[in-house]
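Heads up, the thing below is written out as structure tokens.
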Amino acid sequence: MSKKTPVVRGLRDIYPGESERFDMVERSMIETIRKYGYQEIRLPILEAIDLFSRGLGEATDAVEKEMYTLEDRDHDILALRPEGTASCVRAVIDRNMTREGKPRLWYAGPMFRYERPQKGRYRQFYQIGAEAFGLAGPDVDAELIFMGHDMWKLLGLESAVELEMNTIGSGDSRRAYSEALVKYLNPRKKELDADSERRLTTNPMRILDSKNSSTQKLLESAPDPHDFIDSASRAHFEGVCEYLDHEGINFRVNPRLVRGLDYYTDTVFEWVTDELGSQGTICAGGRYNGLVERLGGPSVPAAGFAAGLDRVVLLHETLGMNADESAADVYVIVMESQHEAYARRLAQFMRRETSLRIRQHLGGGKVGVQMRQADRSGARWAVIVGDEEVAENRVALKWLREETEQESLDFEQLATCLNRAVESH
RNA sequence: GUGGAUGUAGCUCAGCUGGUAGAGCUCCGGAUUGUGGUUCCGGCGGUCGUGGGUUCAAGCCCCAUCAUCCACCCCA
């Protein structure tokens with residue numbers, strides 16, 4: 001045997017047994033977004049690197065130290081996307097989509113960040129995002145949150161998830177606050193932890209959610225970010241909160257909530273859980289009114305969110321929610337190998353006449369072996385073909401999960417029976 | 001990038017002060033000649049993460065390295 005090649009660090013295979021849950025959760029989330037009339041946009045995984053350095057902010061961790069970059073043969077520097085919003089905005093600008101409408105879009109796919117792997121944190125991870133362009137009102141922010149709420153409800157996660165909200169104000173007020181914060185902290189630099197001291201020059205706002213207790217103590221008498229938020233932003237945030245209250249969505253205002261990417265303005269929110277250890281954010285988003293312009297487009301408002309599929313799946317599993325892991329609904333068995341052609345015709349008939357997944361046994365073997373594989377496939381029915389059945393142009397239908405007598409049916413009766421069972425399921 | 005824990009069969013794990021590698025589950029076969037899931041019996045399966053060192057002898061001790069997990073950092 002030659003040497004094995006291990007999977008790349010931080011990357012993983014999602015095998016049968018887990019892929020079904022992954023798929024089911026992903027579909028549920030996408031279906032929820034589609035129900036709000038958002039349209040899919042398929043985006044490339046590679047982008048020019050400056051899209052991210054300009055879009056997310058030069059000093060963010062995602063850009064500073066977590067990007068996978070490569071040089072292609074034309075010597076262009078490309079990056080594997082660390083998130084989806086920047087690409088989505090670029091695509092919207094490329095087609096000038098906001099000139100003729102107010103697109104509401106969704107995307108799904110893998111993202112890449114070179115971070116230390118941990119539970120719920122992978123170097124290739126999957127996000128599902130929704131973005132709304134050209135709409136400035138608080139009803140948009142609220143709609144994005146309603147979607148999240150619907151998703152958790154649909155998946156049975158709502159009791160384990162909490163919503164945190166904050167407003168960080170307009171770009172101008174952020175700049176003003178940032179300056180005031182630096183002015184306050186600079187003389188007290190020595191009392192800050194090392195990370196916070198570094199951020200003082202790179203990204204001062206992020207000092208606010210430092211977990212260092214002495215830093216937090218220092219922040220108690222620091223300028224209050226809310227004093228810097230202008231009345232328009234304040235009104236906007238109150239508007240969002242009212243929509244949520246009206247729909248009965250619980251949330252907690254967390255003044256310390258600051259997002260890691262520079263493009264956010266006004267509303268920011270996070271859906272968090274304490275079931276997953278320290279990687280508790282399963283979905284996050286907010287408003288980014290300046291980003292389209294920053295990336296070379298017109299000055300249009302926008303808002304969106306991205307959910308971490310890996311983490312949502314993990315939570316779904318941690319809470320013990322069921323996921324169907326069956327490979328097929330019907331498993332086709334032959335008593336004697338000369339009936340295989342008949343069985344194949346039968347399988348095709350069922351694929352055509354029903355919506356079920358039909359797995360035909362391959363590889364021969366005794367009936368007992370075939371039955372065991374039928375059971376293991378998770379199928380609800382075994383359809384069995386032997387001399388008697390072929391002679392009469394019938395099949396034997398055996399229910400594998402219910403105490404129902406095995407029946408002998410012709411093809412039409414079989415289709416009727418299966419379809420009826422699907423409808424009432 | 002920092003700190004800590006852990007790597008033994010496909011999976012979950014045991015393995016004493018160093019003495020020729022074990023269990024449960026899974027898988028395969030049989031008991032069961034037209035029928036799975038329960039039970040019983042048998043069997044397959046391991047370069048002990050990798051590389052080096054100490055020793056008569058290393059799964060166990062030492063060093064390095066890789067990976068996973070946890071926390072920090074950061075984020076979905």
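All values derive from a computational prediction rather than experimental measurement. Order of the sequence lines sets the chain letters (A, B, ...), proteins ahead of strands, with each chain counted from 1.
- Here the nucleotide nearest the side chain of Q118(A), chosen from G29(B), C72(B), A76(B), is C72(B).
- Per the geometry, NZ belonging to K65(A) stands 12 Å off C1' belonging to C75(B), to the nearest Å.
- Taking atom C1' on both U6(B) and G59(B), the two are 15 Å apart, rounded to the nearest angstrom.
- Across all strands shown, G10(A) has heavy atoms under 4.0 Å from sugar-phosphate atoms exclusively, and none from any base.
- Between Y36(A) and F146(A), the distance separating the two ring centers is not shorter than 6.0 angstrom.
- For U2(B), the base has a donor-acceptor partner in the side chain of R116(A) [N/O atoms by modelled type, under 3.5 angstrom].
- The separation of C62(B) from U68(B), taken at their C1' atoms, amounts to 23 Å, rounded to a whole angstrom.
- Salt bridge status for E31(A) with R34(A): present, with a side-chain N to carboxylate O gap under 4.0 Å.
- Looking at heavy-atom distances under 4.0 Å, Y122(A) makes contact with a base.
- With hydrogens and angles left out, the side chain of R372(A) and the base of C27(B) share no donor-acceptor pair within 3.5 Å.
- Of the candidates A71(B), C69(B), G34(B), C69(B) carries the atom nearest the P117(A) side chain, counting heavy atoms from C-beta on.
- Using bins of under 30°, 30° to 60° and over 60° for the plane-to-plane angle, the ring pair F411(A)/F349(A) lands in the tilted bin.
- At a cut-off of 3.5 angstrom, counting only N and O atoms as typed in the model, there is no donor on one side facing an acceptor on the other between the side-chain of D375(A) and the base of G37(B).
- Atom pair L11(A):CG and A67(B):P shows a separation of 12 Å (rounding to whole Å applied).
- Under a cutoff of 6.0 Å and an axis angle of 45°, R174(A) and F228(A) do not form a cation-pi pair.
- For the pair W381(A) CH2 and G36(B) P, the interatomic distance rounds to 21 Å; values are reported in whole Å.
- Shown here, A64(B) forms a base pair with U50(B); the pair counts as Watson-Crick or G-U wobble because both key distances fall under 3.5 Å.
- Separating the C1' atom of U17(B) from that of G10(B) is a span of 34 Å, rounded to the nearest Å.
- Base pairing of C69(B): its partner is G4(B), meeting the Watson-Crick or G-U wobble criterion (both donor-acceptor distances under 3.5 Å).
- Atom CD in E115(A) sits roughly 6 Å away from atom C1' in C75(B) (whole-Å rounding).
- D324(A) CG: more than 12 foreign heavy atoms inside a 6.0 Å radius.
- Comparing T60(A) and G368(A) by the nucleotide of RNA chain B that holds the closest heavy atom to each, the one mapping nearer the 5' end is G368(A).
- Between S278(A) and A71(B) there is a side-chain N or O to OP1 or OP2 distance below 4.0 Å.
- Comparing the C1' positions of U50(B) and G7(B) gives an interatomic distance of 11 Å, to the nearest angstrom.
- Across all strands, K398(A) comes closer than 4.0 Å to base atoms (heavy-atom distances).
- Distance check on atom P: C27(B) versus G37(B) gives 10 Å, rounded to whole Å.
- Taking the C1' atom of each, C48(B) and G15(B) are spaced 11 Å apart, rounded to whole Å.
- Across all strands shown, I384(A) has heavy atoms under 4.0 Å from base atoms, whether or not it also approaches the sugar-phosphate.
- Here C75(B) presents its C1' atom at 18 Å from OH of Y126(A), a figure rounded to the nearest Å.
- Counting any heavy atom pair closer than 4.0 Å across all strands shown, E83(A) reaches no nucleic acid atom.
- Nucleotide C28(B) is matched to G42(B) when pairs are restricted to Watson-Crick or G-U wobble geometry with both distances under 3.5 angstrom.
- The side chain of K119(A) sits closest to C69(B) out of A76(B), A71(B), C69(B).
- The nearest whole Å value for the distance from the CD atom in E389(A) to the P atom in U35(B) is 13 Å.
- With respect to E402(A) and R380(A), a salt bridge is recorded, a charged nitrogen being found less than 4.0 Å from a carboxylate O.
- Taking a pair to require two hydrogen-bonding distances under 3.5 Å in either a Watson-Crick or a G-U wobble arrangement, G18(B) remains unpaired.
- Within the 4.0 angstrom heavy-atom criterion, only backbone atoms of the sugar-phosphate kind lie near R376(A); the bases stay farther away.
- Distance, Y263(A) OH to C75(B) P: 11 Å, rounded to whole Å.
- A gap of 22 Å separates the C1' atoms of G52(B) and G46(B), to the nearest Å.
- As rounded to whole Å, 5 Å separates atom P of U68(B) from atom CZ of R9(A).
- Among the atoms of the strands shown, none is found under 4.0 Å from any heavy atom of Q370(A).
- Residue E66(A) is in sugar-phosphate contact alone, with no base atom involved, counting any heavy-atom pair closer than 4.0 Å across all strands shown.
- Comparing the P positions of A14(B) and G24(B) gives a spacing of 16 Å, expressed to the nearest Å.
- Residue G120(A) is classed as a base contact, given a heavy-atom separation below 4.0 Å to a base.
- Among the atoms of the strands shown, base atoms are found under 4.0 Å from some heavy atom of R311(A).
- Toward the 5′ end of RNA chain B lies the nearest nucleotide of R401(A), the other residue of the pair R401(A) and W271(A) mapping further downstream.
- Each of R121(A), K119(A), R12(A) was compared with D310(A) under the side-chain hydrogen bond (donor to acceptor under 3.5 Å, both in side chains) criterion, and only R12(A) meets it.
- Aromatic ring pairs are classed by plane angle as parallel below 30°, tilted from 30° to 60° and perpendicular above 60°; the pair Y264(A) and Y288(A) is perpendicular.
- Residue A284(A) is classed as a sugar-phosphate contact, given heavy-atom separations below 4.0 Å to backbone atoms only.
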